[in-house]
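Following: one structure in structure tokens, then a few remarks.
All of these numbers come straight from a predicted model, not from anything done at the bench.
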Amino acid sequence: MWRPRFVGQNALTEANGFTSQADVMIRARQAADIVDRKEIALAGSPHGRDYWKIGHYTTSIRGGNCTCMDNAPQDDHGGKLCKHRIAAM
């Protein structure tokens with residue numbers, strides 16, 4: 001499902017590391033590349049959390065975490081906004 005992503009809205013703020021629309025577009029393009037390569041699969045939903053296997057990493061939309069070492073900004077709920085988690089969204 002397509003969702004609009006604009007700098008300054010929701011968690012895409014300067015405080016979270018998104019200083020321009022270019023920052024949003026770069027991370028969105030990286031996430032789209034992951035989806036295009038079909039490197040994403042639902043790994044399970046134990047304890048009410050969703051776990052996604054993306055390449056060699058595991059991420060959770062509801063849990064907000066990812067096992068990658070990307071120094072990504074966080075959303076308003078403390079969730080990591082790395083390309084892997086965005087791809088799962």
- Side-chain contact, heavy-atom cut-off 4.5 Å: Arg27 with Asp70? yes
With sequence neighbours left out, the residues meeting side chain to side chain donor-acceptor pair (under 3.5 Å) with Asp36 are Arg29
Mark yes when over 12 heavy atoms from residues, nucleotides or ligands other than Gln21 sit less than 6.0 Å from its CD; otherwise mark no. yes
dist Thr59:OG1 -> Tyr51:OH (nearest 0.5 Å) comes out at 10.0 Å
Shortest non-hydrogen pair, Ile61 vs Ala88, comes out as CD1-O, 3.0 Å
Between Ile54 and Ala87, the two heavy atoms sitting closest are CD1-CB, 4.5 Å
For Tyr57, the ring-ring contact (aromatic ring centres under 6.0 Å, His included) test, sequence neighbours excluded, returns His84
The complete set of salt bridge (charged side-chain N to carboxylate O under 4.0 Å, His left out) pairs with one or both residues in residues 80-89, sequence neighbours excluded, reads Asp75-Arg85
For Asp23, the salt bridge (Lys or Arg N to Asp or Glu O under 4.0 Å) test, sequence neighbours excluded, returns none
Acceptor/donor pairs from residues 37-46 side chains to any protein atom, 3.5 angstrom cut, sequence neighbours excluded:
{"unit_1": "Arg37", "atom_1": "NE", "unit_2": "Glu39", "atom_2": "OE2", "d": "2.7"}

Residues 60-69 vs side chain to side chain donor-acceptor pair (under 3.5 Å), sequence neighbours excluded, gives Asp50-Ser60
